[in-house]
Number of protein chains: 2
Amino acid sequence: MKPEHLHGTEDCRAVSQILQRIGDKWSLLVVRRLGDGPMRFNELRRAIGGISQKMLTTTLRTLERDGFVTRTIFATVPPRVDYELTDLGRELEIPVKGLAEWAIVNSGRINEARRRFDGENAA
Amino acid sequence: MKPEHLHGTEDCRAVSQILQRIGDKWSLLVVRRLGDGPMRFNELRRAIGGISQKMLTTTLRTLERDGFVTRTIFATVPPRVDYELTDLGRELEIPVKGLAEWAIVNSGRINEARRRFDGENAA
DNA sequence: CTGAATCCCCCAAGATACTG
DNA sequence: CAGTATCTTGGGGGATTCAG
């Protein structure tokens with residue numbers, strides 16, 4: 001590995017992978033919610049809103065596989081499953097938060113650029 | 001603009017939008033390349049590698065629409081088109097770079113988590 | 001309550017061919 | 001050189017149903 005610069009195409013693709021990974025439709029919303037503490041399946045489902053059962057399951061499985069959340073099963077009746085952020089998941093929130101703040105601050109500029117672009121194109 | 005805390009679901013969705021926007025297959029690679037300076041279409045195409053003509057066009061158009069890159073046409077023969085990052089595009093690189101460094105540093109932990117998860121599942 | 005399994009739709013994305 | 005137009009496909013994502 002070259003310590004001099006991390007600007008290689010390889011690194012860039014790795015970053016793109018991660019970004020695609022957490023940039024899907026639901027992952028970030030789930031992670032954000034779990035940032036407030038452990039939650040159960042349907043609790044999470046209601047909190048997010050608009051997510052199907054299947055997608056929540058899929059999203060949680062992938063997050064678990066990547067080591068961002070843990071899944072704890074309580075063998076009770078009715079069954080209960082808690083999801084919680086791992087250390088890795090919590091650390092992820094730091095750079096994501098940076099991007100989040102940027103996005104919120106600059107969303108106006110982006111929307112303005114879009115309006116201008118669409119306006120020129122329509123005319 | 002809102003000076004309050006940014007923990008609302010609305011904000012979170014906005015962030016998710018942005019992440020999906022730049023988290024697609026090619027946008028980040030294009031932005032990264034343009035970070036080194038203006039480039040022409042095919043120059044960019046060769047530099048990235050593996051991207052089809054259509055996808056590069058689409059990606060560049062979207063980035064232009066969102067105000068991240070500019071498109072400059074030189075009415076010469078043969079035609080020449082330069083793409084260049086805007087200020088907004090360059091500012092975007094800052095938080096993205098934070099995420100990039102995190103991704104590179106922690107990619108090992110993610111891969112390890114995946115191997116462990118897949119191992120348990122296979123066994 | 002917490003999922004797994006199935007069906008289905010739509011669109012991102014690639015391949016190919018053509019144009020200014 | 002820098003695109004546009006058209007066709008095709010893989011998979012993301014939703015609705016529904018079944019199971020432990």
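Order of the sequence lines fixes the chain letters, A, B, ..., with proteins taken first and strands second; residue numbering starts at 1 for each chain. Please read these numbers as outputs of a predicted model, since none were measured by experiment.
For the atom pair CZ of A:R116 and CG of A:N111, the computed distance is 11.5 Å after rounding to the nearest 0.5 Å. From B:L44, atom CG reaches atom CG of B:L34 across 5.0 Å, with rounding to the nearest 0.5 Å. A:E43 CD to A:Y83 OH: the interatomic distance, rounded to the nearest 0.5 Å, is 12.5 Å. Interatomic distance, B:R71 CZ to B:L63 CG, rounded to the nearest 0.5 Å: 13.0 Å. Here the straight-line distance linking atom CD1 of A:I22 with atom OG of B:S16 works out to 9.5 Å at 0.5 Å rounding. Interatomic distance, B:L19 CG to A:Q20 CD, rounded to the nearest 0.5 Å: 11.5 Å.
Here the shortest heavy-atom pairing between B:I110 and A:I18 reads CD1-CD1, 3.6 Å. Taking both residues in full, the closest heavy atoms of B:V96 and A:L99 are given as CG2-CD1, 4.1 Å, listed atom of the first, atom of the second, then distance. Contact detail for B:R32 and B:D36: the closest heavy-atom pair is NH1-OD1, 3.7 Å.
At D:dG3, one or more side-chain N or O atoms of B:R71 fall inside 4.0 Å of OP1 or OP2 (strictly under the cut-off). Contact between the side-chain N/O atoms of B:R80 and the OP1/OP2 oxygens of D:dA2 is not found at any separation under 4.0 Å.
Mapping A:Q20 and A:N42 onto DNA chain C by nearest heavy atom places A:N42 closer to the 5' end of the strand. Both B:K25 and A:R46 lie near DNA chain C, and the one whose nearest nucleotide falls closer to the 5' end is A:R46.
Distance CE (B:M39) to C1' (D:dC1): 15 Å, rounded to an integer number of Å. Rounded to a whole Å, the CD1 atom of A:I48 is 12 Å from the P atom of D:dG14. One interatomic measurement links the two molecules: CE of A:M55 to P of D:dG11, which rounds to 15 Å at whole-angstrom precision. The CD-C1' distance, from B:E43 to D:dG3, rounds to 17 Å in whole Å.
B:S27 and B:R21 share no donor-acceptor pair across their side chains, judged by distance under 3.5 Å alone.
Each end of the helix from C:dC1-D:dG20 to C:dG20-D:dC1 gets its own axis from five base pairs, and the two axes differ in direction by 40°, given to 10 degrees.
Cluster annotation: A:F117 and B:L88 are assigned to distinct hydrophobic clusters (Ile/Leu/Val/Met/Phe/Trp/Tyr, side-chain heavy-atom contacts under 4.5 Å, transitive).
In this structure, A:F74 reaches neither bases nor backbone, as no heavy-atom distance under 4.0 Å exists between it and the strands shown. Residue-level contact check: B:R61 touches the backbone only, with heavy atoms under 4.0 Å from sugar-phosphate atoms and none from bases.
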_Contact state string [nucleotides 15-20 of chain D, B base, S sugar-phosphate only, - no protein heavy atom under 4.0 Å]_ = B-B--B
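Between chain B and DNA chain C, the heavy-atom contact criterion of under 4.0 Å yields a 5' to 3' nucleotide range of C:dA13 to C:dG20.
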